[in-house]
Undergrad: 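Right, I'll just put the structure down here and ask away after.
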Amino acid sequence: MVHRRYKEKGIETVFFVTAAITVLALLFICLFLFRDGYLLFETSSFIDFITGDAWYPTSTPARFGLLPLLFGSLLVTAGAIFISVPLGVAAAIYISELSSPRVSDFLKPFIEILAGIPSVVYGFFGLVVLVPLIKELLGLPTGQTALAGSIMLSMMALPTIISISEDAISAVPLSLKEGSLALGGTQWQTIYKVVLPAALSGISAAVILGIGRAIGETMTVLMVTGNTAVIPGFPEGILDPVRTMTATIALEMGEVPQGSEHYHALFAVGSVLFITTFIINLIADKIKKKYKLKEGL
Amino acid sequence: MSEMGSVDDIKVEDLNLWYGEKQALYNVSMKIPKNSVTALIGPSGCGKSTFLRCINRMNDLIKGCRIEGKIHIDNKNIYDRDVDVVELRKNVGMVFQKPNPFPMSIYDNIAYGPKIHNVKKNEIAPIVEEALKGAALWKEVSDRMDTSALDLSGGQQQRLCIARTMAVKPEIILFDEPCSALDPISTNKIEDLILELKKDYTIVIVTHNMQQAARISDYTAYFLLGELIEFGETKQIFENPQEKSTEDYITGRFG
């Protein structure tokens, strides 16, 4: 008896420790990221960083302005949303409402595989197929543009958007659909006016998580967006090369002396990125919870 | 009470239904008179709800469901190839077991039907008011038409669903155990409403509640294992059933 109790207790402790390690890891990441980022502001001002319109880390004096990178990230992400949300939601509607079970059983694994492809492979595909195509079709000096990044990111965000939207749409009670059909609603009216509004919060959560995926993506955008750190115009800047926050960190981190101002500036950019994705996830979580409550009715 | 043999509204001929391999209805034939309440009774799984859902072709939604036979409404077989299911369902409304208001405002719930059938915008508000009055809900909700229908009580939600059905102006309303999720007071209100409605509509109601069938229906159909065992005036079915199994069920010996 006593032996068994110790064993139970022991197992419980092991699981507690594993859970605690995750939390600790997150805590330490935050701590180091923010500390090293904060050290930038001992040598240059916070306002200059946040509102600076130039990122010249190697000029003298060096300038560490966040805006070109932030707007680069936002533009690429906005473009990705513009492409992936209509596509993703339409695909989710098709899979959950229109297709026969045979077809959706066939489609779903493919969508999941899409999520499993390494980002460098997406980047490679973008570089050798998409970038030349954009250059040719639009007659641009270079195909390495925000648009290329947006298209690749939208493909990468699609699995998230499709699978979570599909869950939300499938969770709409059959009774609501029947209610609409029994009033003489067509299938399309039922989807458009009853099912989609009822699934809206779940779909929003899907979109926001998709955005989170897009804004944090590094390798693919680095390979296809051209990496020019200038504030892009909107919306015509979509056809110019841009530099995202993630790409900047990945490109420059290997070459900076540890502890230098540039080093700390990259950490400051990393902190901004971290806070952005954290907030996005928080919002998605809130929406999802709200939607679960509604489902409970 | 209208006499048997008055104008028939729904004529069912040799209706057979299968879910996949399993047959759920066997050679059901009956004539349901206009402006009357017909109750479908029988133990669980006897096919009464399945039969009800044949009348507005809701069974079309179920994969593997196959139907043979005819149902004539206004002398037109609703299973003919050229029948527009959307038009049929507009003409044959349905109220479900569990109230299923849409997650929108009270007004929008009622306006939904007219809107999808392209009723002109300025004609919708009067239809909404009329439908809510018809469903005896107007007094309770007229000052909060913009609030969510989900905030209403279960009984109010069910009357809202009835109003929603009336707003598309059907000729027939099917009720699938409309009171099974409601308390006795709400049930009472719905029953009164159904009695009121039969002036304007032909009503078919599935119910588990024998007293309810006796209270509100003019005709009663007793189903068992997918067969229509007995159909006649409610008074006769309850006081003088012709079949032994009807009597057993009604007197509570099984079911």
Side-chain angles (χ1 to χ4, degrees), chain A residues 89 93-108 165 167-206 286-297, chain B residues 52-53 55-64 84-105 108-118 131 148-152 154 157-158 160-161 163-170 172-176 181:
Chain A
V89 174
I93 291 172
Y94 177 71
I95 290 172
S96 56
E97 294 293 310
L98 302 173
S99 72
S100 69
R102 277 230 328 267
V103 175
S104 51
D105 284 351
F106 176 79
L107 282 176
K108 275 185 181 172
S165 301
D167 284 348
I169 293 170
S170 304
V172 173
L174 179 67
S175 65
L176 284 187
K177 286 182 231 168
E178 286 187 335
S180 170
L181 294 169
L183 289 169
T186 62
Q187 190 176 26
W188 174 242
Q189 285 168 332
T190 303
I191 290 171
Y192 183 66
K193 297 191 166 164
V194 174
V195 175
L196 282 188
L200 194 63
S201 45
I203 293 172
S204 330
K286 271 265 154 62
I287 294 177
K288 254 194 185 157
K289 273 205 188 113
K290 201 174 134 200
Y291 135 83
K292 281 220 178 94
L293 283 179
K294 239 188 178 168
E295 281 302 298
L297 267 174
Chain B
L52 188 78
R53 293 166 65 95
I55 305 174
N56 66 345
R57 291 186 58 172
M58 277 313 255
N59 286 326
D60 289 14
L61 304 176
I62 296 167
K63 295 219 164 73
D84 179 358
V85 180
V86 166
E87 277 304 312
L88 169 71
R89 293 193 185 132
K90 203 177 138 191
N91 189 36
V92 184
M94 186 169 223
V95 176
F96 297 83
Q97 193 167 359
K98 210 175 144 230
N100 58 348
F102 302 130
M104 343 168 160
S105 72
D108 287 339
N109 259 280
I110 313 292
Y112 180 83
K115 268 185 199 158
I116 60 174
H117 295 302
N118 299 318
S148 169
L150 300 177
D151 294 337
L152 296 172
Q157 286 187 6
Q158 195 61 301
L160 181 83
C161 293
R164 190 173 70 184
T165 303
M166 290 161 69
V168 294
K169 304 193 185 322
I172 298 163
I173 303 182
L174 311 173
F175 289 85
D176 190 359

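In what follows, every chain begins at residue 1, and chains take the letters A, B, ... in the order their sequences are listed. Keep in mind the model is a prediction, meaning the values are calculated, not measured.
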Undergrad: Could you tell me which portion of B:Pro99 (side chain, backbone, both or neither) has an atom closer than 4.5 angstrom to a non-hydrogen atom of chain A?
TA: neither
Undergrad: Less than 4.5 Å to any heavy atom of chain B: does that hold for the side chain of A:Ser100, its backbone, both, or neither?
TA: neither
Undergrad: So what's closer than 4.5 Å to chain A heavy atoms on B:Phe102: side chain, backbone, both or neither?
TA: both
Undergrad: Of all heavy-atom pairs between B:Tyr112 and A:Thr190, which one has the smallest distance, and what is that distance?
TA: OH-CA, 4.0 Å
Undergrad: Side chain, backbone, both or neither: which part of B:Arg164 has a heavy atom under 4.5 Å from chain A?
TA: both
Undergrad: Looking only at non-hydrogen atoms, find the nearest pair between B:Asn100 and A:Gly179 and report the distance.
TA: ND2-CA, 3.5 Å
Undergrad: Check whether any side-chain heavy atom of A:Pro101 lies under 4.5 Å from a side-chain heavy atom of B:Lys63, and answer yes or no.
TA: yes
Undergrad: So which of B:Met58, B:Lys90, B:Met94 has the largest heavy-atom pair count under 4.5 angstrom toward chain A?
TA: B:Met58
Undergrad: Closest approach of A:Gly185 and B:Ile116, non-hydrogen atoms and distance?
TA: CA-CD1, 3.4 Å
Undergrad: Heavy-atom cut-off 4.5 Å, strictly under: side chain, backbone, both or neither for A:Lys193 against chain B?
TA: both
Undergrad: Among A:Thr186, A:Leu174, A:Val194, who wins on heavy-atom pairs under 4.5 Å with chain B?
TA: A:Val194
Undergrad: Would you mind checking which part of A:Gln187 comes under 4.5 Å of any heavy atom in chain B, side chain (CB onward), backbone (N, CA, C, O), both or neither?
TA: neither
Undergrad: Is B:Leu61 in contact with chain A via its backbone, its side chain, both, or neither, using a 4.5 Å heavy-atom distance?
TA: side chain
Undergrad: Name the region of B:Val85, side chain, backbone, both or neither, that has any atom closer than 4.5 Å to a heavy atom of chain A.
TA: neither
Undergrad: Could you tell me the separation between the NZ atom of B:Lys115 and the CD atom of A:Gln189, rounded to the nearest 0.5 Å?
TA: 12.0 Å
